[in-house]
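Everything on this sheet refers to the single structure shown next.
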Protein chains: 2
Amino acid sequence: MKSEKKIIPSVTCPIFRAQKIISGKWKIYLLYLLSQGTKRFSDLYRETPGITQAMLSKQLRELEAAGIISRYVYPEIPPKVEYSLTELGQNFMPVLDELAKWSCTHLHPEEGEEKISGSA
Amino acid sequence: MKSEKKIIPSVTCPIFRAQKIISGKWKIYLLYLLSQGTKRFSDLYRETPGITQAMLSKQLRELEAAGIISRYVYPEIPPKVEYSLTELGQNFMPVLDELAKWSCTHLHPEEGEEKISGSA
DNA sequence: CAGCATCCCAGAGGATACTG
DNA sequence: CAGTATCCTCTGGGATGCTG
C-alpha cells in the first residue's frame with residue numbers, strides 16, 4: 001500500500017470513467033440485448049451464445065453495480081429474475097446506437113482479417 | 001480439439017466487432033486525444049499519465065492495425081512520428097462524443113463509489 | 001431456473017532496461 | 001525521440017459442478 005497519489009486520468013477524464021464501466025467482453029452486447037426490453041436470465045443466456053452462466057451472472061452484477069441495469073427477483077419457485085435498463089442504461093442507448101452505426105457502416109467483416117473458421 | 005464451429009456473435013453482431021476493436025485500457029482515451037489533432041508519440045505519452053512507452057506503442061499499433069489511426073514517420077534524426085485519425089477514426093468520433101456526453105451527464109464521480117481520495 | 005464456488009489459463013497490462 | 005525486448009503480475013474470462 002503505497003500512499004503515493006497517482007495522477008491518472010481515470011477520474012479526471014469522463015471518457016476514462018465510461019470506458020471502465022463498459023469494458024468487458026459481454027457488457028456492451030448485453031446492454032444491446034436489454035435495449036430490446038426486459039429479459040430474464042435464461043433469455044440473456046440463450047441470446048448470448050458462448051457465454052457461461054457464471055460469466056453472465058458476473059457481468060450482469062457488474063452492470064447492476066454500475067447502475068446501468070436493474071434486477072427484479074420474482075418471489076417464486078422456480079426462481080424468476082428479470083433484468084432491464086435503468087434510466088442510466090436508457091441514456092446510454094445513443095452511444096450504443098452510434099457504435100452500431102459506426103460498426104455497420106465502416107466495419108464490414110470482409111474488410112477485416114478475422115475469419116470464423118472455428119477453433120481450427 | 002473440437003473441430004466444432006462455435007457460433008458466436010463475434011462476427012454476427014456489429015456491436016461485438018466494434019467492442020473488440022475499442023477494448024483496451026487506453027484505446028478510447030487515445031482516440032480522444034487524437035481527436036484533438038495529429039500528435040507525436042511523445043505528445044501522447046505526456047498526455048496519458050500512467051501509461052508506459054511499451055503500452056502506448058502497443059495500443060497505437062493495434063489501433064493502426066484496425067485502421068482507425070495512421071502513422072507517419074518523418075525520415076529524420078532524431079525520429080519523429082506522428083499519429084492521426086483516419087477516415088474510420090474520424091467517423092468514430094460521434095461515438096466518442098455520445099460516450100463523453102453520457103459520462104459527463106450521468107456519471108459524476110460523486111455518484112459512484114470510487115473516490116480520488118488519493119493518500120487519504 | 002438462476003446463480004454461486006472453485007479451479008484454471010491466456011493474455012492484458014505493467015516495470016525496467018536497452019537501441020537506432 | 002520513438003520505440004523494442006524481456007520479464008512479471010494480475011485479472012478477465014472460461015469450464016465444471018453444486019445448490020436453493
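Just so we're clear, the structure is a prediction, and the values are computed from it rather than from any experiment. In the text below, chain A, chain B and the rest are named by the order of the sequence lines, each starting its count at 1.
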* Asked: B:Thr52 has a side chain; which of D:dG13, C:dA15, C:dG3 sits nearest to it?
  -> C:dA15
* **Close side-chain approach of A:Glu47 and A:Lys39, heavy atoms under 4.5 Å** => yes
* Structure fact -> Of A:Pro79 and B:Arg61, the one whose closest nucleotide on DNA chain D sits nearer the 5' end is B:Arg61
* So, is A:Ser57 near the phosphate of C:dC4, with a side-chain N or O under 4.0 Å from OP1 or OP2? -> yes
* To do: Would you indicate, yes or no, if D:dA2 has its OP1 or OP2 atom less than 4.0 angstrom from a side-chain nitrogen or oxygen of B:Arg71?
  => no
* To do: Answer yes when A:Glu64 and A:Arg61 have at least one side-chain N-carboxylate O distance shorter than 4.0 Å, and no when they do not.
  => no
* To do: Could you work out which one of C:dG14, D:dG13, D:dA5 sits closest to the side chain of A:Met55?
  => D:dG13
* Asked: Base, sugar-phosphate alone, or nothing: which one does B:Gln59 contact when heavy atoms must sit under 4.0 Å apart?
  -> sugar-phosphate
* Asked: For the side chain of A:Arg40, counting heavy atoms from C-beta on, which of C:dC4, C:dT16, C:dA2 is nearest?
  -> C:dA2
* **Exercise: do B:Arg46 and B:Ser42 side chains pair donor with acceptor under 3.5 Å** => no
* Structure fact -> Taken to the nearest whole Å, CD1/A:Ile22 to C1'/D:dG12 is 16 Å
* Could you tell me the separation between the NZ atom of B:Lys25 and the P atom of C:dA12, rounded to a whole number of Å? => 14 Å
* Position toward the 5' end of DNA chain C (nearest nucleotide), B:Glu62 or A:Val81 -> A:Val81
* Rounded to the nearest angstrom, tell me the gap between atom OH in B:Tyr72 and atom C1' in D:dC1. => 16 Å
* Asked: Could you give the CD-to-P distance, from A:Gln53 to C:dA5, as a whole number of Å?
  -> 15 Å
* Structure fact -> Between OH of B:Tyr45 and P of D:dA2 the distance, given in whole Å, is 12 Å
* Could you give the CG-to-P distance, from B:Leu44 to D:dC1, as a whole number of Å? -> 14 Å
* Determine the contact category for A:Tyr74: base if any of its heavy atoms lies under 4.0 Å from a base atom, sugar-phosphate if only primed atoms, P, OP1 or OP2 are that close, otherwise nothing. => nothing
* Please check the phosphate of D:dG12 (OP1 and OP2 only) for any side-chain N or O of A:Ser23 closer than 4.0 Å. => no
* Without swapping roles, check the side chain of B:Thr86 against the backbone of B:Gly67 for a donor-acceptor pair under 3.5 Å. => yes
* To do: State whether the number of non-hydrogen atoms from other residues, nucleotides or ligands found under 6.0 Å of B:Glu87 atom CD is greater than 12.
  => no
* Within 6.0 Å of OH in B:Tyr32, more than 12 heavy atoms from elsewhere -> no
* Considering only D:dG14, D:dC1, C:dG3, which nucleotide approaches the side chain of A:Trp26 most closely? -> D:dG14
* **Candidate nucleotides C:dA2, C:dC4, D:dA2, ranked by approach to the side chain of A:Phe41 - the nearest** => C:dA2
* Can you tell me how far C1' of D:dG13 sits from NZ of A:Lys27, to the nearest Å? -> 11 Å
* To do: Ignoring backbone atoms, establish whether B:Tyr83 has a side-chain N or O less than 4.0 Å from OP1 or OP2 of D:dG3.
  => yes
* Nearest-Å distance, NZ (B:Lys58) to P (D:dA5)? -> 14 Å
